[in-house]
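Quick notes on the structure that follows.
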Amino acid sequence: MQGKKKSALAYAFPKTIPVMTGYLFLGMAYGVLMSVNGFSMLWTAAMSIFVYAGSMQYMAVLLFVAAVGPVYAFLMALMVNARHLFYGISMLDKYRGAGKWKPLLVFLLTDETFSVVCNEEVPKELPEYPVYAWISVLDYAYWIIGSLLGAGLGNRIPFSTEGLDFALTALFLVIFTEQWLTQKKHRPAVVGILATTLCLVAFGSELFIIPAMAAILAVMTLDYQKEQQRERELQKGGRAA
């Protein structure tokens, strides 16, 4: 069992390297942002450990500084993190048999971890869910380490947060490109691009995310149902033969 755990970790780590480069940098920027706004390293650690939602953590700094009410903060968090509902649903089948691993996998599911895990096919000789768990835990650790490094540096170094939002976009592009090159089926990626573009034009940059995710989920659900129907028909044909 110990050997399998080591093998799962050894297999998972290279998969997380693109996320590591992004999370360490963005986590440091978040830590610095917390520090320059007067929050201690303890607050930074607590936010990264218990909240673990990068974009919402950045937003939370502004909410803390402005001392907004809890109801407004709740609604803002709901809007920012609504996308988790859509890609979380798409992981139901993949995590269905996770058993004791499921609570950990659900809590640690972020955009980037989803991007790595969703199309990952674990070799048969390795335990599937421990591999997913290691990918998730490593990404979690990168974010925490990065935010603590940033909080420790704080005002000790000159640091500008201008343009940091593009770093997350760049990380997604790296993951997307890797998946495009390694996967034979490109339909999900094409559906995602088309749905996002259409919703961006129709709803604008501030409102397009939820409609785009809903459209992607609807199309992929229909595709899944059609695929299941074809498999049932093939099984019926095989039994009839």
Side-chain angles (χ1 to χ4, degrees), residues 9 12-68 70 72-85 87-88 91 101 103-118 132-176 178 209:
L9 173 58
F13 173 68
K15 306 289 182 179
T16 66
I17 291 176
V19 179
M20 177 180 67
T21 57
Y23 270 17
L24 288 177
F25 179 71
L26 291 171
M28 287 182 65
Y30 169 70
V32 170
L33 191 62
M34 286 284 283
S35 180
V36 298
N37 280 280
F39 296 99
S40 68
M41 186 179 292
L42 181 62
W43 273 100
T44 303
M47 288 289 289
S48 292
I49 292 171
F50 297 109
V51 178
Y52 188 44
S55 55
M56 189 58 223
Q57 286 182 234
Y58 275 91
M59 180 68 67
V61 178
L62 302 178
L63 298 179
F64 289 155
V65 173
V68 302
Y72 179 82
F74 170 78
L75 293 175
M76 183 62 69
L78 186 63
M79 292 177 62
V80 172
N81 292 318
R83 67 192 186 280
H84 291 242
L85 173 65
Y87 67 65
M91 295 296 286
W101 299 102
L104 178 70
L105 293 170
V106 170
F107 173 69
L108 298 181
L109 187 62
T110 62
D111 301 14
E112 294 77 19
T113 300
F114 167 78
S115 299
V116 175
V117 172
C118 66
Y132 298 151
W134 274 120
I135 291 173
S136 303
V137 168
L138 287 169
D139 291 347
Y140 183 46
Y142 302 148
W143 179 260
I144 295 171
I145 292 169
S147 63
L148 290 178
L149 286 174
L153 292 173
N155 292 320
R156 295 179 177 84
I157 59 172
F159 192 91
S160 173
T161 59
E162 184 178 358
L164 284 178
D165 52 344
F166 182 75
L168 192 58
T169 303
L171 175 59
F172 276 119
L173 288 174
V174 170
I175 295 174
F176 175 84
E178 182 181 2
I209 293 179

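Atom set for the values below is all heavy atoms of this structure, side chains included, hydrogens, waters and symmetry mates excluded.
With hydrogens and angles left out, the side-chain atoms of Glu112 and Trp143 include no donor and acceptor closer than 3.5 Å.
Between Tyr52 and Tyr140, the ring-plane angle classifies as perpendicular under the 30° and 60° cut-offs.
Two residues are said to be in side-chain contact when any heavy atoms from C-beta on lie closer than 4.5 Å; Tyr58 and Leu26 meet this criterion. Between Phe64 and Asn37, the closest side-chain pair of non-hydrogen atoms is not below 4.5 Å. Looking at heavy atoms from C-beta onward, Leu105 lies out of side-chain contact with Met91 at the 4.5 angstrom threshold.
Among all heavy-atom pairs drawn from Met28 and Leu149, the shortest one is CG-CB, 4.0 Å. Pairing each heavy atom of Thr113 with each of Leu108, the nearest pair is OG1-O, 3.8 Å. Across all their heavy atoms, Gln57 and Ser48 have their closest contact at NE2-OG, 3.3 Å. Taking all atoms of both residues into account, the shortest heavy-atom contact from Val65 to Phe39 is CG2-CE1, 4.3 Å. In plain terms, the two heavy atoms of Ala60 and Met47 that are nearest each other are CB-CE, 3.6 Å. The minimum heavy-atom distance between Ser147 and Thr44, with the atom names listed, is O-CG2, 3.6 Å.
Note that CG of Leu109 is 11.5 Å distant from CD1 of Ile135, once rounded to the nearest 0.5 Å. Rounding to the nearest 0.5 Å places CG of Asp139 at 13.0 Å from NZ of Lys15. Separation of atoms CG (Leu104) and OH (Tyr132) is listed at 14.5 Å; rounding is to 0.5 Å. Note: Trp43 CH2 to Ser35 OG = 15.0 Å, rounded to the nearest 0.5 Å.
Each of Ile144, Leu138, Thr110 was evaluated against Tyr23; a single residue qualifies, Thr110, per the side-chain contact (heavy atoms from CB on, under 4.5 Å) test.
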Task: side chain to side chain contact (heavy atoms under 4.5 Å, CB included) evaluation trace for Val61 with Tyr30 - done: CA-CA 9 Å; Val61 178; Tyr30 169 70; 3.8 Å; yes
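The number of heavy atoms from other shown groups lying within 6.0 Å of OH (Tyr72) does not exceed 12. Met59 CE: 12 or fewer foreign heavy atoms inside a 6.0 Å radius.
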